[in-house]
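Proteins come first, then strands; the chains are lettered A, B, ... in the order of their sequence lines, and each starts at number 1.
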There are 2 protein chains.
Amino acid sequence: MAVEWSGLGPELLLTLERTGRGPLGAQMQEQVRDAIRSGRLAAGERLPSSRALAQELGVSRGLVIDTYQQLEAEGYLTTHAGSATRVAPTQQQLTAPTALQSAPPRLDIDFFPSLPDLASFPIRDWTWALTEAARRAPTAAADYGDPAGLEALRTVIASYLRRVRGAATDAQHIVVCGGFTQGIGLVLAALRAAGMTRLAVEDPGHPDSAVMGVRAGLEPVPVPVDERGVVVAALRASGARAVVLTPAHQTPTGVVLASERRQELVAWAEECDGLIIEDDYDAEFRYDRQPVGAMQGLAPERVVNVGTVSKSLAPTLRLGWVVCPTWLVPPVAREKQLSDRGSPGLDQLALATLIESGRFDRHLRRMRGVYGSRRQTLVDALAEHAPHLRLTGLAAGFHAVAHLSRGTEADVIAAAGERSIGLYGMRRYRLDGSAEPPALVLGFGNVSERAIRRGVAAIADLL
Amino acid sequence: MAVEWSGLGPELLLTLERTGRGPLGAQMQEQVRDAIRSGRLAAGERLPSSRALAQELGVSRGLVIDTYQQLEAEGYLTTHAGSATRVAPTQQQLTAPTALQSAPPRLDIDFFPSLPDLASFPIRDWTWALTEAARRAPTAAADYGDPAGLEALRTVIASYLRRVRGAATDAQHIVVCGGFTQGIGLVLAALRAAGMTRLAVEDPGHPDSAVMGVRAGLEPVPVPVDERGVVVAALRASGARAVVLTPAHQTPTGVVLASERRQELVAWAEECDGLIIEDDYDAEFRYDRQPVGAMQGLAPERVVNVGTVSKSLAPTLRLGWVVCPTWLVPPVAREKQLSDRGSPGLDQLALATLIESGRFDRHLRRMRGVYGSRRQTLVDALAEHAPHLRLTGLAAGFHAVAHLSRGTEADVIAAAGERSIGLYGMRRYRLDGSAEPPALVLGFGNVSERAIRRGVAAIADLL
């Protein structure tokens with residue numbers, strides 16, 4: 001049944017259906033609200049009496065009274081003893097949002113750096129772990145947990161990091177977070193609160209470190225990187241007392257931080273009461289030898305190690321950890337509490353279950369094979385199609401650096417884009433935005449071997 | 001097999017086991033690292049030659065060379081051409097953390113306000129939804145998603161809020177977040193960046209609002225609440241241009257924001273270009289009538305509605321939403337991106353699946369029955385055991401307010417604590433910490449009917 005009602009004043013259309021659209025009262029409320037919002041019922045306008053409207057619509061008077069009372073309680077209508085129900089003076093319409101940034105065109109082959117192979121995310125292992133965790137979770141697991149992370153997961157992570165990364169830590173020194181971005185954000189906020197004002201960042205380095213520094217109120221200071229990693233003399237001269245580093249596999253140059261630099265950095269931190277923030281983002285993935293252990297193990301009271309499963313499992317999980325020096329545990333945990341009261345509990349239990357079951361290690365072993373082959377395919381394809389192109393960077397992680405001739409970086413990237421191939425230049429990683437010396441940072445983590453070969457052939461064609 | 005080795009200098013015990021403790025190389029690395037960290041091998045100390053150590057341990061020389069190289073790369077050892085391998089100068093031990101705050105004693109009956117019934121969290125429905133979502137998720141779902149939230153979930157939330165809360169919104173105006181705390185944190189950071197300096201908060205009100213304001217760099221300004229909700233004249237006089245409110249069910253007084261106050265608030269926001277932050281924390285739960293719709297529907301460009309599943313499902317899920325005015329969408333989404341690059345993707349898809357399946361509504365219907373009964377049990381038990389105690393607050397949410405005689409709040413709470421009953425006073429909710437007029441804020445969400453009766457009898461005994 002559809003009933004139309006022409007109200008007093010401008011035409012008001014009220015359509016109630018007795019089947020399929022929910023309770024009549026809810027329909028009436030929604031339509032009167034919409035009529036007010038759209039301006040069909042204007043501010044101050046008088047509504048018919050409940051008796052008259054009920055008669056016209058063929059519904060009970062009680063239903064109309066309920067509707068009027070509900071909308072009066074919500075502020076859409078006003079009633080005063082002895083006078084009619086009227087539309088309240090102020091209502092607003094929702095503005096249409098400005099068009100969102102249109103998505104970039106889909107690329108045929110995308111060498112975007114630092115993505116893992118998304119198709120290899122072991123989603124069945126993950127749902128298995130979630131189901132197991134949920135099955136075993138006590139009632140209290142539904143509550144807010146410790147904002148620093150559930151002890152079950154912190155214990156498993158500490159053991160994993162001691163075993164795999166040579167870390168010197170335990171569950172009490174770990175704060176669980178929502179991935180690297182949140183982890184460094186928590187640490188930087190704590191440093192700012194402790195009175196630090198500057199943050200040294202690697203140059204070239206990941207552009208987000210400087211962005212996060214600014215967000216935390218710290219002035220980013222670039223420190224050069226050479227083939228042995230960050231230049232400690234320049235760090236010492238910078239006046240900063242905190243630095244973000246990628247020791248295992250520098251982003252983007254792909255070098256490992258040298259042994260004596262590690263020693264110098266610890267000495268620097270001791271001298272200036274400083275802190276080294278170790279971004280251990282892809283440290284599980286080295287293909288030619290055992291990964292070099294975390295700096296954290298060398299100086300656990302001077303190094304914060306920040307890790308994540310974004311590369312080892314998948315970015316969508318949004319889980320990571322901050323391994324803190326003792327003094328930093330309370331402020332980082334407090335920042336986490338004020339940020340979001342802790343990461344999702346069941347996800348934390350699932351990650352603990354996955355690591356403990358051995359499935360996490362098994363996945364890593366398998367992926368080291370996959371990525372090692374992809375990197376070798378990249379090396380071989382470049383040797384075949386573009387032998388003049390020098391490739392640098394460890395056999396590690398998800399990217400390698402290909403060096404270009406002077407003044408060609410932007411042109412090569414643009415020409416590749418026209419052929420639907422995504423390339424990314426060293427310029428993105430330099431704090432001054434310089435494109436010299438020019439190079440490509442080639443990500444191979446989320447590109448199949450076939451696509452790597454096709455892509456390299458096409459790039460060689462451009463050069 | 002266990003082999004012991006006494007090194008040069010202080011005694012060094014190296015125990016390798018051929019079975020059950022992992023690869024010999026990893027064991028050797030871990031034990032030398034530990035010996036250095038613990039000081040058993042001191043800085044500068046000379047290690048035996050790889051040949052000598054290999055012989056002593058009965059392992060291949062290659063294994064010892066690998067171990068030395070690994071620990072040299074990590075900075076624990078130094079080697080110089082033609083001279084011996086030595087322990088590097090700087091290493092550190094991890095300090096034992098200061099004892100964490102000891103957990104409060106477990107209470108026999110805990111009337112902590114604002115917790116839902118944890119045992120009723122539909123964990124099987126949730127794992128069903130997760131599994132369904134994972135089964136249907138495309139490969140791209142493993143990637144970082146839109147930091148503002150997956151469109152699938154934003155669409156479902158918008159539709160839910162239009163239907164259940166009378167909201168005027170769509171998927172483009174919603175940012176998914178990790179619960180109420182993160183949601184308000186994102187909004188306040190955006191307001192601070194837009195030049196606001198003060199934040200009006202309800203007094204009495206949830207103490208976290210003021211804490212979050214301070215964290216965002218906003219000065220909290222208390223505004224009194226009476227039996228019709230926040231006093232708008234006082235808000236107008238405060239000079240603040242943003243206010244955090246709990247219109248559906250005020251925390252802690254339990255009143256609903258009156259119709260004319262809603263109108264006045266919208267007029268206030270229009271006059272001063274202000275913003276109303278609507279904390280819709282327990283709006284699904286009203287037991288005597290339909291919940292009053294969200295203020296957001298009345299003025300979608302002046303009201304931010306922040307909601308969460310912490311009360312409707314469980315706090316552990318850490319999922320919520322911010323319904324933004326148009327201008328606030330980009331800055332809030334940007335804050336979310338810089339905070340954690342978005343909430344976990346599979347959890348978002350699971351929530352969308354749960355709501356769409358109808359299981360979420362079914363759970364809410366069931367829980368309204370459970371909580372309505374618990375509230376009635378509280379009312380009845382107080383009428384029986386302490387008829388002089390005046391109870392106020394709507395038949396809604398998870399708490400009610402019981403008024404005490406002058407000067408008794410702290411004593412009643414302390415005496416109850418001694419009997420292992422958790423009580424919480426109005427004092428917690430007043431910005432000046434005043435305990436007058438005294439009252440208890442009695443949470444009944446996570447207390448069984450039996451425990452409510454026992455608890456009330458015991459309280460009555462105390463009074």
Side-chain angles (χ1 to χ4, degrees), chain A residues 33 37 70 72-76 88-92 94-95 97 118-119 121 123 127 130-131 134 139 141-145 166 168 172-173 178-179 181-182 185 215 259 262-263 266-267 290 292-293 297-302 314-318 326 329 338-341 343-347, chain B residues 33 37 70 72-76 88 90-92 94-95 97 118-119 121 123 127 130-131 134 139 141-145 166 168-169 172-173 178-179 181-182 185 215 259 262-263 266-267 290 292-293 297-302 314-318 326 329 338-341 343-347:
Chain A
R33 258 196 224 104
R37 279 184 195 138
Q70 180 71 22
E72 201 252 330
E74 295 177 3
Y76 294 89
T90 45
Q91 292 84 28
Q92 268 194 349
L94 188 63
T95 310
L118 299 175
F121 169 44
I123 196 162
T127 48
L130 272 167
T131 310
T139 295
D143 201 354
Y144 297 99
Q172 277 66 50
H173 287 82
T181 297
Q182 183 176 62
R215 172 177 154 83
S259 179
R262 289 173 186 244
Q263 288 291 332
V266 174
Q290 183 190 350
V292 175
L298 201 57
E301 294 295 348
R302 289 294 172 196
T316 191
L317 298 183
R318 312 312 307 123
T326 306
V329 175
L338 291 173
S339 293
D340 58 15
R341 298 189 70 165
S343 288
L346 293 178
D347 294 354
Chain B
R33 257 196 225 104
R37 279 186 195 138
Q70 180 71 23
E72 200 253 330
E74 295 178 2
Y76 292 89
T90 44
Q91 292 85 26
Q92 268 195 350
L94 187 64
T95 310
L118 298 175
F121 169 44
I123 197 163
T127 49
L130 271 167
T131 309
T139 295
D143 201 355
Y144 298 99
T169 193
Q172 277 66 51
H173 287 82
T181 298
Q182 183 176 61
R215 172 178 155 84
S259 179
R262 291 171 186 246
Q263 288 291 332
V266 174
Q290 183 189 351
V292 174
L298 201 58
E301 295 294 350
R302 289 293 171 198
T316 191
L317 298 182
R318 309 315 304 127
T326 306
V329 175
L338 291 173
S339 295
D340 58 14
R341 298 189 70 167
S343 289
L346 294 178
D347 293 353

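In this structure a side-chain-to-backbone donor-acceptor pair under 3.5 Å is missing from R318(B) to G345(A). Of the possible donor and acceptor atoms, none in the side chain of T139(A) sits under 3.5 Å from a partner among the backbone N and O of A119(B). Between the S259(A) side chain and the E72(B) main chain, a donor and an acceptor come within less than 3.5 Å of each other. Side chain of E74(A) to backbone of G293(B): a donor-acceptor contact under 3.5 angstrom is found. Formation of a donor-acceptor pair under 3.5 Å by the T316(B) side chain with backbone atoms of A141(A) is found in this model. Between the side chain of R37(B) and the backbone N or O of G297(A), at least one donor-acceptor pair lies under 3.5 Å.
L118(A) has its side chain within reach of D143(B): a pair of non-hydrogen atoms, C-beta onward, lies under 4.5 Å apart. With contacts defined as side-chain heavy-atom distances shorter than 4.5 Å, the pair F121(B)/L346(A) qualifies. At a threshold of 4.5 Å between non-hydrogen side-chain atoms, the residues L130(B) and L130(A) count as touching. Using a 4.5 Å heavy-atom cutoff, the side chains of L317(A) and P344(B) are not in contact. Side chains of Y76(A) and L298(B) form a contact here, defined as non-hydrogen atoms less than 4.5 Å apart.
Using a 4.5 Å cut-off between heavy atoms, T127(A) touches chain B through its side chain atoms alone.
The shortest heavy-atom contact between R262(B) and G75(A) is CD-N, 4.1 Å. Summarising the geometry of A314(B) relative to A142(A), their closest heavy-atom pair is CB-O, 3.5 Å, with the distance given to 0.1 Å.
Between chain B and the residues G178(A), G166(A), G185(A), the most heavy-atom pairs under 4.5 angstrom are made by G166(A). In terms of non-hydrogen atom pairs under 4.5 Å with chain B, the most contact-rich of T131(A), D347(A), L338(A), I123(A) is L338(A). Of the listed residues A134(A), P315(A), G145(A), the one with more heavy-atom pairs under 4.5 angstrom with chain B than any other is P315(A). For the options Q182(A), R341(A), Q70(A), heavy-atom pairs under 4.5 Å to chain B are most numerous at Q70(A).
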